[in-house]
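This report concerns only the one structure given below.
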Number of protein chains: 2
Amino acid sequence: MPRRRCRWRSEKWWQGEFRGYGYRFTIPRQIILQVLDESKEHLSAEDIYLKVHQLYPAIGLTTVYRTLELLVNMGLVSKFDFGDGRARFELSPKTDQVSHHHHLICTNCGRIIDYNDFVKEELELIKKIEKELARKYSFEIKNHNIQFYGLCDKCSTLKK
Amino acid sequence: MPRRRCRWRSEKWWQGEFRGYGYRFTIPRQIILQVLDESKEHLSAEDIYLKVHQLYPAIGLTTVYRTLELLVNMGLVSKFDFGDGRARFELSPKTDQVSHHHHLICTNCGRIIDYNDFVKEELELIKKIEKELARKYSFEIKNHNIQFYGLCDKCSTLKK
DNA sequence: GAAGGTAATAGTAATCATTTTCAATTACAT
DNA sequence: ATGTAATTGAAAATGATTACTATTACCTTC
């Protein structure tokens, strides 16, 4: 089992990222990144707030929202909508802690399955599409989102 | 120029769809489908309500929401989230009034561009992925969603 | 063709995630 | 150490969507 480094104590690679943008690397920002780094799940803003709050009760929900927005703009975090009325957040794959993946969403129970089968093929096609669309529509593509909706095994059998 | 048939006067093919589900084909439902059929844009619930309201002021916003939910469940309408906090609705491609397409979303101005370049290739890959994921995760895929985020030509040049 | 029963509707009020406001605090360059 | 703009937290505001309730439209059965 790989030993987990205590990332948030040492000078973090994120810190440089903040400096580059001219942002301060404050405690709330550190803690929020730490929480995102530690749980690979698809956390809502409130989920994150609750975890952050355990580590650092002084950090408020507003700050969580504000920080997440910042991180999304910086490209460190990806924001998703799975159709349940609340946004979800994950560290971006470019942070290389996380492998590139997409999502299966059960429209019945809300379960989310990450998959990375075919991601290579998907990414190849996406790259090709991006290039063509950039040319045709003069559109500068920064990001993409692929998701499948349907019924997970449990809900699928339940409905029969 | 193809002559537009006056679809909502004649017995509409939708009507049968409703009967099949055991739902009534009421005036609000007709009008909402008509509005969706006439404007190929990406309308929010309120956009739809305003258009519906011009044709039939008695129809309320609640009914619009309820009907859209019904239509989405029936598969006649697709629901999208473009990240601006309100859902958007379009007639589904399966209604064959609309060609299958995906979306480019400008994260700066919110402009939406429909594209159907590469859709054939996308659909082929998607079909392959669906089959594999269905097997591997016992997941019954009903639908998919592909979108690209970035900057449209105007916003891209503005930022330089 | 009328009565009865259920589905569908409108309007209002409530909900709930997310933003805004604003005064107080803090990071960090000097 | 200090000044200053960036950052923060609490409370209030916002805005899309949903719940509730009384009413109405439609279909069936007689």
Side-chain angles (χ1 to χ4, degrees), chain A residues 8 11-12 14-33 35 42-74 77 79-89 107 110, chain B residues 14-33 35 42-74 76-77 79-89 107 110:
Chain A
W8 52 93
E11 175 90 6
K12 213 75 54 44
W14 294 316
Q15 190 154 357
E17 200 78 18
F18 275 85
R19 291 263 159 68
Y21 276 89
Y23 299 139
R24 292 183 189 163
F25 192 60
T26 63
I27 289 170
R29 290 171 182 180
Q30 289 175 55
I31 302 291
I32 290 167
L33 274 165
V35 164
H42 321 89
L43 301 175
S44 69
E46 192 172 1
D47 293 336
I48 294 166
Y49 168 70
L50 290 173
K51 285 177 186 281
V52 162
H53 196 258
Q54 290 190 319
L55 299 171
Y56 237 89
I59 297 172
L61 182 57
T62 311
T63 299
V64 172
Y65 273 105
R66 248 184 321 224
T67 303
L68 287 170
E69 189 190 357
L70 187 77
L71 295 172
V72 169
N73 287 336
M74 288 171 69
V77 166
K79 183 177 181 177
F80 295 95
D81 172 77
F82 296 149
D84 64 347
R86 64 188 60 192
R88 308 291 179 140
F89 301 87
T107 51
Chain B
W14 293 317
Q15 190 154 358
E17 200 78 18
F18 276 85
R19 291 267 155 67
Y21 276 89
Y23 298 139
R24 292 185 192 160
F25 191 59
T26 63
I27 288 171
R29 291 170 181 180
Q30 288 175 54
I31 302 290
I32 289 168
L33 275 166
V35 163
H42 322 87
L43 301 176
S44 69
E46 192 173 0
D47 293 336
I48 293 166
Y49 168 69
L50 290 174
K51 285 176 185 283
V52 162
H53 196 259
Q54 288 191 320
L55 297 171
Y56 239 88
I59 298 172
L61 181 58
T62 313
T63 300
V64 172
Y65 273 104
R66 224 172 327 138
T67 303
L68 287 170
E69 189 190 356
L70 186 76
L71 294 172
V72 169
N73 286 337
M74 288 171 70
L76 291 179
V77 166
K79 183 176 182 178
F80 296 94
D81 171 77
F82 296 149
D84 65 346
R86 63 187 62 190
R88 307 292 178 142
F89 301 87
T107 51

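Per chain, numbering begins at 1; letters A, B, ... match sequence-line order.
Contact annotation: the side chain of B:L50 never approaches that of B:Q54 to less than 4.5 Å [non-hydrogen atoms, C-beta and beyond]. The shortest side-chain heavy-atom distance between B:F89 and B:L43 does not fall under the 4.5 Å cut-off.
Separating the CZ atom of B:F82 from the P atom of D:dA16 is a distance of 16 Å, rounded to the nearest angstrom. Taking atom OH of A:Y21 as the reference point, atom P of D:dA6 lies 17 Å away to the nearest angstrom. Rounded to an integer number of Å, the gap from B:D47 CG to D:dT17 P is 11 Å. Atom CD1 of A:I59 and atom P of D:dA10 are 11 Å apart (whole Å). C:dA17 atom P lies 14 Å from atom CG of A:D81, rounded to whole Å. Distance B:Y49 OH to D:dT18 C1': 16 Å, rounded to the nearest Å. Atom C1' of nucleotide C:dA7 and atom CZ of B:F18 are separated by 13 Å, given to the nearest angstrom. One interatomic measurement links the two molecules: CZ of A:R29 to P of D:dA6, which rounds to 11 Å at whole-angstrom precision.
Just one of A:F25, A:F18, A:Y23 meets the ring-ring contact (aromatic ring centres under 6.0 Å, His included) condition when paired with A:Y21; it is A:Y23.
Rounding to the nearest 0.5 angstrom, the gap separating the CZ atom in B:R19 from the CZ atom in B:R24 is 11.0 Å.
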Exercise for the section: Sugar-phosphate means primed atoms, P, OP1 and OP2; the rest is base. With that split, encode nucleotides 18-30 of chain C 5' to 3' as B, S or - using protein heavy atoms under 4.0 Å. Expected result: BBB-----BBS--

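Residues forming a side chain to side chain contact (heavy atoms under 4.5 Å, CB included) with A:R88 (at least two apart in sequence, or on another chain): A:H42, A:S44, A:D47, A:F80, A:F82, A:D84, A:R86.
Looking only at distances, no side-chain donor or acceptor of A:R29 sits under 3.5 Å from a matching main-chain atom of A:T67.
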